[in-house]
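Scroll down for the structure; my scribbles are underneath it.
This one's a predicted model, so the numbers in the text were calculated from it and none came from an experiment.
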Amino acid sequence: MGSTTRRHGLLLRTVFAVKRGYYRLRYPRLQLGDDVEIRGRVRLRRGVRVTIGDRTRLNKLVRFAGPGEVKIGADCLLNATWIGSWTTVEVGDRCLLSDCELMDNDFHNLPPQLRHEPATALTRAPISVGANVWIGAHALVMKGVRIGRDSVVGAGTIVRTDVPDGVVVVGNPQQIVKTFDE
């Protein structure tokens, strides 16, 4: 039984190495750390630059778009995540990102007289996600938000303002429903 398990592990490591090589060739703006596991597919669009940390796992289809930069920490899990970056989106180490969206851009000007004009710099602001954050399915993280370390964003939550360290937020607008006491 032990040799079968070792062979299976070697086969998986080989498959992941081949996939890393393929995606590095396909997307020159993609930097993959050691032992990144691409279990599904990855798509980069519009010139986005993406750095993914060591031992991070990507499941299903993980998409990155925009002319900005995305930095994903080590030991993360991205599961069918979509990240749109026109400035920067940074995700700390050990984060869990479910089928959610992070967008550092509104894509449109808010004033009525400017709505059909090209988006201005006011429509964009960086996103920062602290270490060990869990973002649930169908959550939406908007521009300019900082999510504190060890926090949880519940499924379907719309995050429009900063989230402190060590809390659970849910809803639209987001509300703190739990604090992790140390």
Side-chain angles (χ1 to χ4, degrees), residues 30-33 36-46 48-108 110 119 121-182:
L30 174 63
Q31 294 180 1
L32 298 172
V36 168
E37 295 180 6
I38 301 171
R39 296 170 180 244
R41 296 177 298 145
V42 176
R43 183 176 298 150
L44 276 66
R45 295 285 187 255
R46 300 189 68 170
V48 66
R49 293 175 312 281
V50 178
T51 302
I52 298 176
D54 298 343
R55 297 170 306 283
T56 289
R57 297 162 292 153
L58 294 89
N59 291 338
K60 300 182 181 178
L61 173 59
V62 177
R63 298 169 294 160
F64 303 93
E69 185 171 7
V70 177
K71 295 179 182 176
I72 306 294
D75 301 305
C76 291
L77 171 64
L78 280 69
N79 192 46
T81 305
W82 186 88
I83 298 177
S85 177
W86 272 249
T87 61
T88 58
V89 175
E90 294 189 22
V91 176
D93 295 340
R94 299 179 40 77
C95 288
L96 303 171
L97 277 64
S98 189
D99 183 2
C100 61
E101 296 182 14
L102 287 74
M103 297 187 310
D104 71 355
N105 189 319
D106 292 336
F107 303 101
H108 301 287
L110 187 59
L122 296 176
T123 64
R124 335 183 218 317
I127 294 173
S128 175
V129 177
N132 199 36
V133 167
W134 177 12
I135 302 177
H138 308 295
L140 177 60
V141 179
M142 304 296 286
K143 72 175 184 178
V145 167
R146 179 198 165 278
I147 300 176
R149 67 181 299 115
D150 299 323
S151 288
V152 175
V153 175
T157 299
I158 309 296
V159 183
R160 301 181 331 192
T161 60
D162 289 353
V163 175
D165 294 350
V167 299
V168 177
V169 295
V170 298
N172 179 17
Q174 80 213 33
Q175 300 174 39
I176 296 174
V177 295
K178 179 175 178 63
T179 300
F180 296 111
D181 299 322
E182 296 196 69

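In this structure Arg49 satisfies the salt bridge (Lys or Arg N to Asp or Glu O under 4.0 Å) test together with Glu69, sequence neighbours excluded. Scored by the side chain to side chain donor-acceptor pair (under 3.5 Å) test, Asn132 finds Asp150 as partners (sequence neighbours excluded). Residues meeting the side chain to side chain donor-acceptor pair (under 3.5 Å) test with Asp75, sequence neighbours left out: Arg55. Every side chain to side chain donor-acceptor pair (under 3.5 Å) that Lys143 has, sequence neighbours left out, goes to Asp106. Residues satisfying the side-chain contact (heavy atoms from CB on, under 4.5 Å) criterion with Thr56, sequence neighbours excluded, are Ile52, Leu58, Ile72, Cys76, Leu78. Applying the side-chain contact (heavy atoms from CB on, under 4.5 Å) criterion to Gln31, with sequence neighbours excluded, gives Thr51. Every residue was checked against the side chain to side chain donor-acceptor pair (under 3.5 Å) condition with Asn79, not counting sequence neighbours, and none meets it. Pro67 meets the side-chain contact (heavy atoms from CB on, under 4.5 Å) test with Trp86; sequence neighbours excluded.
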Anything under 3.5 Å between a donor and an acceptor, one on a side chain of residues 152-162, the other on a protein residue two or more places apart or in another chain? List them.
unit_1, atom_1, unit_2, atom_2, d
Thr157, OG1, Gly154, O, 2.8
Thr157, OG1, Gly171, N, 3.2
Thr161, OG1, Gln174, NE2, 2.9
Asp162, OD1, Arg146, N, 2.8

Tell me which donor-acceptor pairs under 3.5 Å the side chains of residues 36-45 have, and how far apart each pair is, sequence neighbours excluded?
unit_1, atom_1, unit_2, atom_2, d
Glu37, OE1, Arg39, NE, 3.0
Glu37, OE1, Arg39, NH2, 2.4

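The closest donor-acceptor contact from the side chain of Asp54 to the backbone of Gly33 lies at 3.5 Å or more, if one exists at all. The closest donor-acceptor contact from the side chain of Ser98 to the backbone of Ile135 lies at 3.5 Å or more, if one exists at all. Asp104 contributes a side-chain N or O that, together with a main-chain N or O of Thr88, makes up a donor-acceptor pair within less than 3.5 Å. Side-chain atoms of Thr81 come within 3.5 Å of backbone N or O of Leu97 as a donor-acceptor pair.
Counting heavy atoms of neighbouring residues, nucleotides and ligands inside a 6.0 Å radius, atom CH2 of Trp134 does not exceed 12 of them. Within 6.0 Å of CZ in Arg124 there are more than 12 heavy atoms belonging to other residues, nucleotides or ligands.
Atom CE of residue Met103 and atom CD1 of residue Ile83 lie 12.0 Å apart, to the nearest 0.5 angstrom. Separation of atoms OG1 (Thr87) and CD1 (Ile127) is listed at 7.5 Å; rounding is to 0.5 Å. Atom CZ of Arg149 and atom SG of Cys95 lie 9.0 Å apart (nearest 0.5 Å).
Residues Asp165 and Phe180 are not in side-chain contact: their nearest non-hydrogen atoms beyond the backbone lie 4.5 Å or more apart.
When all heavy atoms are compared, the tightest approach of Pro164 to Val167 is O-CG2, 3.5 Å. Across Gly73 and Asp93, no two heavy atoms sit closer than the pair CA-OD1, 3.3 Å. In this structure, Cys100 and Gly136 approach most closely via the heavy-atom pair CB-O, 3.6 Å.
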Query raised in the report: When you look at His138 and Asp99, which way does the side-chain contact (heavy atoms from CB on, under 4.5 Å) test go after all the steps?
Result: CA-CA 6 Å; His138 308 295; Asp99 183 2; 3.7 Å; yes
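Among residues at least two apart or in separate chains, there is no salt bridge (charged side-chain N to carboxylate O under 4.0 Å, His left out) pair with a member in residues 77-92.
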